[in-house]
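Here is the structure we will look at, set down as structure tokens.
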Amino acid sequence: MSSERYNFKIIENKWQKIWEKDKSFSAKIDKNKKKFYCLEMFPYPSGKIHMGHVRNYTIGDVLARYKSLNGYNVLHPMGWDSFGMPAENAARQNNLDPKTWTETNIANMRSQLKMLGLSIDWDREISTCKPEYYKHQQEFFLELFDKGLVYRKEQYVNWDPVDQTVLANEQVIDGKGWRSGVPVERKKLNQWFFNISKFSNELLENLDSLDEWPNKVKVMQKNWIGKSFGCEIKFSIEQSDKIDEIKCFTTRPDTLFGMSFLALSVDHPVSKLYQNDEGFIKFKKECSSTGTTEEAIASAQKIGFKTNLLAINPMNNEKVPVYFANFVLMDYGLGAVFGCPAHDQRDFDFAKKYNLNIKPVVTPELNNKEFQTVEAAYTGPGYIFNSSFLDGLKCPEESIIKTIEYLEKNNLGQKKINFRLKDWGISRQRYWGCPIPIIYDENNNPQKVPKNMLPVELPKIEQLEPTGNPLDKAINWKNVNINGKKFKRETDTLDTFVDSSWYFLRFCSPNKEDYGFDEDEVKYWMPVDQYIGGIEHAILHLLYSRFFMQAISYKNEKIKIKEPFKGLFTQGMVCHETYKDNNNNWVSPDETMILNGKRYLNKDNSIPVKVGPIESMSKSKRNTIDPAKIIDSFGADAVRLFILSDSPPEKDVQWSDEGIEAAYKFIQKLWSLNNKILDKINEDNPKNENNNLEKITNKFIKKISNNLENFNYNIVIANIHELYGLLNKEINIKYTKKTLIENYKKIMFCLNPILPHLSNEIIENLNLKEEIIWPKYNDKFLIEETIAYVIQINGKKRALIETDKNIDEDNLLRLISDNASLKKYIDNKEIKRKIFVPGKLINIII
RNA sequence: GCCCUCGUGGUGAAAUUGGUAGACACAAAGGACUUAAAAUCCUUGCCGCUUGCGGAGUGCCAGUUCGAGUCUGGCCGAGGGCACCA
């Protein structure tokens, strides 16, 4: 009996080399096979892989391998999201070239990923910072420009003072930059925009068709797009020769009769009339001093600046005052609202402060004409009153529609659907990004860079200065001569989210030179069947990619795909305990040791560390574990096994030393079981003692298949543990060589997606000379002749009786009355009712 | 404030359509093997009484049902998203 331990270093390396040499995972169009496009979100090349990558790519790899064994033609590519600020920051700090920095990182991370044994088609590798990639991005930019989906305008933008760049709305979180974490400022700049809002409706409605997406992501996108149904109302203005009307958007036109003021944003065009008014200037300043934090908004008082204008209520011609108010936002709706204090809490607060009329027009009960709103606005359902011809209408079901009908008929307003989604500002004042292929003539008019001059490559810059836009200072690059005419290049680069909005298309034909993708290849491979990544991209990246697919297929009959990702899976984060020393400094797990169950500092084992809460791994808390080190000590299969074992993939998982050690031990156990089985195979009995082995094999093929299909990878690992236990016992029974090999082979095929190195090695040792395919189970072996019937008395389990599965009720009752331990419950009692569930249980009510 | 998700042993978690709650694993304790250690294997969810058995038990309170972790209503708690959104 061979008894040497499993040497993962030799064996894993051996198989990784074989896969690389044989191009085992190279994907080619094969129209006779069903395709499966498995994609994990590609990494930013920060330098090293982290545990989040390990989890993400292991989940994807298990799926890709499983689908491949099931006969699918699998596309499983990998690339690098390699433009972005860390490269630029590193360059500024250490006087490096961002390109070199990025390429070194990529080389390092590629070799680390290869150590995980991923089934990736490395021939399709792409990197977004390469001109061969971004050339096509520039083509797309110009294509979208021609389609009218790109435009330039001066606008207030979110300015990140630390990163010295503009941020999209989506990139501002709680009023702070998504990367820098500092409060965002308002700044007016000329910016390029993608007209994402043109597709608001499509982006919203298509969500319903994405039935393989997590509901929570769809809800988040739905909220973000923020569709609301209402109408635009025209209000005539008195006492002004400069304006005749102001338009408001409202979702509650049915409360018009309760209107007592009109409120405008301080940025509303009407504010021009007051730009020299000292009171207004002071008021505007006051408004902007209100912070953007949650508390500030929640506790901010409703304040207003009264104008000398009067607005006329189109329903009854009553005149109401016009205010500027701090709670009206210019970038939602039309920057103007009519105030109905009785039925809107904000308006109510405002009316109280400025002593405005509060007239209720909705009553909860039909006949309660005395209804008043004294303490707060009433926003619930009811019936319209105090409203002339609208009186008695059911609110909101009838009242809103009827009011809009009236307004439209009398040309006072019109039905309108409003979206919260804003256009995507894509200009960034950075160096390390894709140059925008635009040049400005001597009159500063933007022109497209001619197609034959693409790509517009980034210039080499010797020394990046600490702040400001480097391209703006690269004079030689900026000034360009075309056909004797002088132009200046656009010096902003594209938001890096543009890079990742179409990379899934590029993977279909990564080497195509004349266009970003090949139509036939895209037709075959797209959409991505399963996309896997973190929940943090629920809005930004996923919405932008969906937009890009809309934009590419817009006015293009050849591209029918509207949604890039058919299935989406969002995996949870990898967490670890946190540690601090006596001075409250974070301590990394590497700097600690365990003595008698307590944790101490390595450098002085008399100093205990404080164990803090379990949090997602992050550099700032120093609770990261380096995957490269772990793979080196335990092997890729052990890492894969553990990262999947402890929690469902969509939930957070806690990394622990004990867990990875247990996974390592289990691999060793599988190996020694293998040695035992190889010995048994050589015994070659003439006849099988029983068919338990077939039963076990088929039962677990079924279980593991079902669990893999449903992403229950943690349960698959449990199944494998259980299978090991049963096999370890069953192997002492005598089987023929054929039976043993046939079943053991299938079990190893089942382990292949999770433990590719170990299972390949074992399969090779079996000398089968056959391809690994996903085994099918045979129902014949799943039929159990006997079953443990559950015997309940008054709904309580009292016994299990092992008996014939097809026993009838009478015979089962006979067994029950013969059963000594059940006698005491039944004897001398009248049976009132029996519930018999064949093949499962019987419940006796007495 | 609005929307979504989730509450099961010391811990991570299992549990087809309502049908044996706690599979599988980690930790801890006890035991076996060993001169000893490592490694390996076995036992143990809680409360009772002596083995065996009995009782309670899936955040809390009701309800539906022969039967509820699972379905319904209300409450409490945690996490996440959105937010002067008109």
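Since the model is a prediction, treat every value here as computed from it, not as a measurement. Quick note on labels: first sequence line is chain A, next is B, and so on, each numbered from 1.
OP1 and OP2 of B:A86 both lie 4.0 Å or more from every side-chain N or O belonging to A:Thr250. Using a 4.0 Å cut-off, no side-chain N or O of A:Arg798 falls inside it from OP1 or OP2 of B:G67. Between A:Tyr825 and B:G54 there is a side-chain N or O to OP1 or OP2 distance below 4.0 Å. Residue A:Arg346 places at least one side-chain N or O closer than 4.0 Å to OP1 or OP2 of B:C85. Contact check, A:Lys669 against B:C41: a side-chain N or O comes under 4.0 Å of OP1 or OP2. The side chain of A:Arg833 places an N or O atom within less than 4.0 Å of a non-bridging phosphate oxygen (OP1 or OP2) of B:C66. OP1 or OP2 of B:A14 lies within a sub-4.0 Å distance of a side-chain N or O belonging to A:Asn714.
Scanning atom types as modelled, one donor and one acceptor separated by under 3.5 angstrom connect the side chain of A:Lys840 and the base of B:U17. A donor and an acceptor atom never sit less than 3.5 Å apart when one is taken from the side chain of A:Gln345 and the other from the base of B:G1. With hydrogens and angles left out, the side chain of A:Asn843 and the base of B:C66 share a donor-acceptor pair within 3.5 Å. The base of B:C66 has none of its N or O atoms less than 3.5 Å from a complementary donor or acceptor on the side chain of A:Lys834.
Nucleotides B:A14 and B:G9 have their C1' atoms positioned 13 Å apart, rounded to a whole Å. One P atom belongs to B:A68, the other to B:A62, and the distance between them is 14 Å to the nearest Å. As rounded to the nearest Å, B:G45 and B:A21 have C1' atoms that lie 11 Å from one another. Spacing of C1' atoms, B:G69 relative to B:A56, comes out at 16 Å, to the nearest Å. Rounded to the nearest Å, the gap between the P atom of B:G30 and that of B:C46 is 15 Å. Distance check on atom C1': B:G77 versus B:G31 gives 41 Å, rounded to whole Å. One C1' atom belongs to B:G22, the other to B:U70, and the distance between them is 15 Å to the nearest Å.
Across every strand in view, B:G67 sits unpaired, with no contact that passes the Watson-Crick or G-U test at under 3.5 angstrom.
With B:A86, B:C82, B:G12 as the candidates, the nucleotide lying closest to the side chain of A:Asp646 is B:G12. The side chain of A:Lys216 approaches B:C4 more closely than any other nucleotide in the set B:C4, B:U20, B:C26.
Rounded to a whole Å, the CD1 atom of A:Ile844 is 20 Å from the P atom of B:G19. For A:Lys222 and B:U5, the NZ to P distance is 12 Å, given to the nearest whole Å. Regarding A:Asn215, its CG atom lies at a distance of 13 Å from the C1' atom of B:G81, rounded to whole Å. Nucleotide B:G12 holds its P atom 20 Å from the CG atom of A:Leu641, rounded to whole Å. One interatomic measurement links the two molecules: CD1 of A:Ile660 to P of B:C26, which rounds to 13 Å at whole-angstrom precision.
Between A:Glu784 and A:Lys805 there is no salt bridge, since no side-chain N of the basic residue sits under 4.0 Å from a carboxylate O of the acidic one.
Proximity of the aromatic rings of A:Phe305 and A:Tyr323 is defined here by a centroid distance below 6.0 angstrom, and this criterion is not met. The ring of A:Phe283 has its center no closer than 6.0 angstrom to the ring center of A:Phe324.
A cation-pi contact, defined as under 6.0 Å to the ring centre and within 45° of the axis, is absent between A:Lys353 and A:Phe350.
RNA chain B is contacted by both A:Lys665 and A:Lys651; A:Lys651 maps to the nucleotide lying nearer its 5′ end (nearest heavy atom per residue). RNA chain B is contacted by both A:Arg252 and A:Ser645; A:Ser645 maps to the nucleotide lying nearer its 5′ end (nearest heavy atom per residue).
Counted by atom type alone, A:Thr786 and A:Glu802 present one or more donor-acceptor pairs between their side chains at under 3.5 Å. If you check the side chains of A:Asp423 and A:Ser197, you find a donor sitting under 3.5 Å from an acceptor.
Using a 4.5 Å cut-off on side-chain heavy atoms (C-beta onward), A:Asp349 and A:Gln345 make contact.
Classification of B:G9 as syn follows from a glycosidic angle within 90° of 0.
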